Amino acid sequence: MIRGIKGIKDITPDEMPKWGVVERTAHALAQTFGFQEIRIPVFEKTELFVHSIGGTTDIVEKEMYTFPDKDGTSLTLRPEGTAGVVRAFIERGLKTYESSRKLYYIGPMFRHERPQAGRLRQFHQFGVEYVGSSDPSADVEAITLLWRYFSALQLPGLSLELNSLGQLADRRAYKEELVSFLKTKADGLCENCRRRLEANPLRALDCKIPGCREATNDAPFLTDFLSASSKEHFEQVLQGLQAVAVPYSINHRLVRGLDYYSMTTFEVSCSALGAQNAIGAGGRYDGLFETLGGSSTPAVGFAIGLERVILALPESTLPPPVPWVFVASFGEKGRQAGGTLLDSLRSDHVKADTDYNTSTLKTLLRSADRLNAPYVVILGDDEVDRNQVILRNMKTKEQEIYPLDSASSVIRKRLGFR
RNA sequence: GUGGGUGUAGCUCAGUUGGUUAGAGCGCCGGAUUGUGGAUCCGGAGGUCGCGGGUUCAAUUCCCGUCACUCACCCCA
């Protein structure tokens, strides 16, 4: 048989209720915060991602699904959403008639990694981009939305960590200091981190290897190198979060893996998840628009991994099932009347179903039981002769008799619809 | 890309120190019950023991390879 691709999962019907809540909540909450949905393509020119995410990041170096188009143009399945949104923003001139614009998206992303718990090659993200404001309140809004989303879904064991990477100039000064510090500790560093000294020294800070952690323990803090305005911005973000009672802690080691971040960065992790416990993360990316050929535009955003949300989603978040009716009709006249009733129920917006593969009352009831039907309409030749239907409550076993002609509307009311 | 674990019925897993016909629970089908589901009892169907090779009189079992799944590293959502 032909199997699916490694790390790429089907979402089966029994998982859909969870996806339903997760997606509906995302749409509803983003829209209450004033964000508008945008849909962007799942693939783009490769250079878009190389320029935005950064050529030396793991994502670009080894995790992208890249392939040539017929004319040779290199295309890539999107590994994240921000680059595409920014591209669309610039290309479509979405900025021209408003000073700031708030967008959100939900959709699949692709990264060629070895799959494990909470990590897939095709996964889904809900992300928002608050474009056009450098005000710390924009950071606060994004982080608040992120936090409220998880709260609405009642996810357990969450913690929000914040850091500030400062402006490019701040970071440059800090990097120099950090590199010279790390060189004094080079013996204690892992091979990977020694390599990072050249390419991406900040990443050594969140290396999990004990030796590196120890070596970087008394490393200088990035926050000590922030300019006065960067520091002020970060302070205001923290105050803003306090004002809306979003709990956070500061993590001086928090460094994001994508090159475009600056200033505020944040990450929410979930203790219910295992090794891949980052469930949502983001930050400010004031320089990205220019990098991609747009005018200088400040922006802040985040992305949430929906598969990870679903792994942590408690059963209690699911809405109660909608009541519905299984039509158990049998006998020649019964089946015919059953077909008509089925259609009237559906026309009255009542979920109704039956099973054409069984034909005795016993087996019809068994089907209804397997489908977890809360109600069953019993409709055999006898009922048709008497112009009646029987409505059976499967849980209480109580049965009520209604006239066949008005059955649909009576049943509709009986199920609690108005 | 690297490392560990696991592949036996539709599902969850036993088991065979190498030996006739490979088991259980759940699920499925039928009957007890010809117009009333779930429970109980009885009966039944269902297996290339992941795949390929090697050793052996004999391999599901031992060895090698391979593939898949899975967890972790790395990295990230």
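Quick note: numbers below take in every heavy atom, side chains included, and nothing from hydrogens, waters or symmetry partners. Owing to the predicted nature of the structure, the values given are computational and were not obtained by experimental measurement. Reminder, nothing fancy here: chain letters follow the sequence lines and each chain counts from 1.
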Could you work out which one of B:rU36, B:rG37, B:rA77 sits closest to the side chain of A:Asp369? B:rG37

Determine whether the aromatic ring of A:Phe330 stacks with the base of B:rG35, defined as ring centroids separated by less than 5.5 Å and ring planes inclined by less than 30°. no

Given the P atoms of B:rG52 and B:rU8, what is the spacing between them in whole Å? 15 Å

Show your reasoning for whether ring pair (Phe, Tyr, Trp, His ring centres under 6.0 Å) applies to A:His27 and A:Tyr104. CA-CA 8 Å; A:His27 285 288; A:Tyr104 76 94; 5.5 Å; yes

To the nearest angstrom, the CD1-P distance between A:Ile8 and B:rC69 comes to 11 Å

Under 4.0 angstrom, heavy atoms only, what part of the nucleic acid is A:Leu258 near: base, sugar-phosphate, or nothing? sugar-phosphate

A:Arg119 vs B:rA72: side-chain N/O to OP1/OP2 distance below 4.0 Å: no

What's the gap between B:rA59 and B:rC51 when it is taken at their P atoms, as a whole Å value? 15 Å

Are A:Lys18 and A:Glu315 close enough, and set up right, to give a salt bridge (Lys or Arg N to Asp or Glu O under 4.0 Å), and what steps lead you there? CA-CA 9 Å; A:Lys18 286 191 170 186; A:Glu315 240 17 80; 3.7 Å; yes

Which nucleotide, B:rU33, B:rA72, B:rC74, lies nearest any side-chain atom of A:Lys62? B:rC74

Applying a 4.0 Å non-hydrogen cut-off, can you work out what A:Gly118 is touching in the nucleic acid: base, sugar-phosphate, or nothing? base

Round to the nearest Å and state the distance from A:Asn277 atom CG to B:rC76 atom C1'. 11 Å

Distance in angstrom units between A:Phe326 CZ and B:rU36 P, rounded: 16 Å

Please give, in whole Å, the distance from B:rU36 P to A:Asp382 CG? 12 Å

Quick one: does any side-chain atom of A:Asn163 pair with a main-chain N or O of A:Ile250 as donor and acceptor, under 3.5 Å? no

Counting heavy atoms not belonging to A:Glu15, are there more than 12 under 6.0 Å from its CD? yes

Let's test your reading of the model: under 3.5 Å, does the base of B:rG38 pair with the side chain of A:Lys395 as donor and acceptor? no

Presence of donor-acceptor pair under 3.5 Å, side chain of A:Glu383 and base of B:rG35: yes

Which part of the nucleic acid does A:Arg256 contact within heavy-atom distance under 4.0 Å: base, sugar-phosphate only, or nothing? sugar-phosphate

Just to confirm, is there a sub-4.0 Å distance from OP1 or OP2 of B:rA72 to any side-chain nitrogen or oxygen of A:Gln116? yes

How is A:Ala368 classified with respect to the nucleic acid when contacts are heavy atoms under 4.0 Å: base, sugar-phosphate, or nothing? nothing

Looking only at the aromatic ring of each residue, does the gap between the centers of A:Phe289 and A:Phe89 stay below 6.0 angstrom? yes

Presence of A:Lys9 side-chain N/O under 4.0 Å of B:rU70 phosphate oxygens OP1/OP2: yes

Inter-nucleotide P distance (B:rG46, B:rG38), Å rounded: 25 Å

So, applying ring-ring contact (aromatic ring centres under 6.0 Å, His included) with A:His252, which one of A:Phe221, A:Tyr174, A:Phe234 is it? A:Phe221

B:rC63 to B:rC26 separation - C1' atoms, rounded to the nearest Å: 36 Å

Taken to the nearest whole Å, CZ/A:Arg392 to C1'/B:rU36 is 5 Å

Rounded to the nearest angstrom, tell me the gap between atom CG in A:Leu365 and atom P in B:rU36. 9 Å

Does A:Arg366 place a side-chain N or O at less than 4.0 Å from the phosphate oxygens OP1/OP2 of B:rG30? yes

Separation of the P atoms in B:rG7 and B:rU61, to the nearest angstrom: 12 Å

For B:rC41 versus B:rG53, give the span between their P atoms, rounded off to a whole number of Å. 46 Å

Base, sugar-phosphate, or nothing: which does A:Gln399 touch, judged by heavy atoms less than 4.0 Å apart? base

Between B:rC73, B:rG35, B:rC76, which nucleotide gets closest to the side-chain atoms of A:Arg308? B:rC76

For A:Gln388 and B:rG35, what is the distance between atoms CD and C1' respectively, to the nearest whole Å? 14 Å

Does A:His112 or A:Leu361 map to a spot on RNA chain B nearer the 5' end, using the closest nucleotide for each? A:His112

Reckon A:Leu120 touches a base, only the sugar-phosphate, or nothing at all at heavy-atom distances under 4.0 Å? base

Give one of base, sugar-phosphate or nothing for A:Glu61, where a contact means two heavy atoms less than 4.0 Å apart. nothing

Please say which of A:Leu345, A:Ile378, A:Asp343, A:Leu364 ends up in a side chain to side chain contact (heavy atoms under 4.5 Å, CB included) with A:Val327. A:Leu345

Under 4.0 Å: is that the gap between some side-chain N or O of A:Arg370 and OP1 or OP2 of B:rC28? yes

B:rG47 and B:rG37: how far apart are their C1' atoms, nearest whole angstrom? 32 Å

Below 4.0 angstrom, N of the basic side chain to O of the carboxylate: do A:Arg346 and A:Asp353 qualify? yes

Between A:Glu267 and A:Arg256, does at least one N-O distance fall below 4.0 Å, as a salt bridge requires? yes

Just by modelled atom types, is the A:Thr264 backbone N or O under 3.5 Å from a matching donor or acceptor in the A:Arg284 side chain? no

On the nucleotide B:rC69, are OP1 or OP2 found under 4.0 Å from the side-chain N or O atoms that A:Lys6 carries? yes

Grab the stems for RNA chain B, please: at least three consecutive Watson-Crick or wobble pairs, both distances below 3.5 Å, written as range with range. B:1-7 with B:67-73, B:10-13 with B:23-26, B:28-32 with B:40-44, B:50-54 with B:62-66

Distance between the C1' atoms of B:rA9 and B:rU48, in whole angstroms? 13 Å

Return the value, rounded to whole Å, for the distance between atom CG of A:Asn372 and atom C1' of B:rG37. 11 Å

Counting side-chain heavy atoms from C-beta on, which of B:rA77, B:rG37, B:rU70 comes nearest to A:Arg114? B:rU70

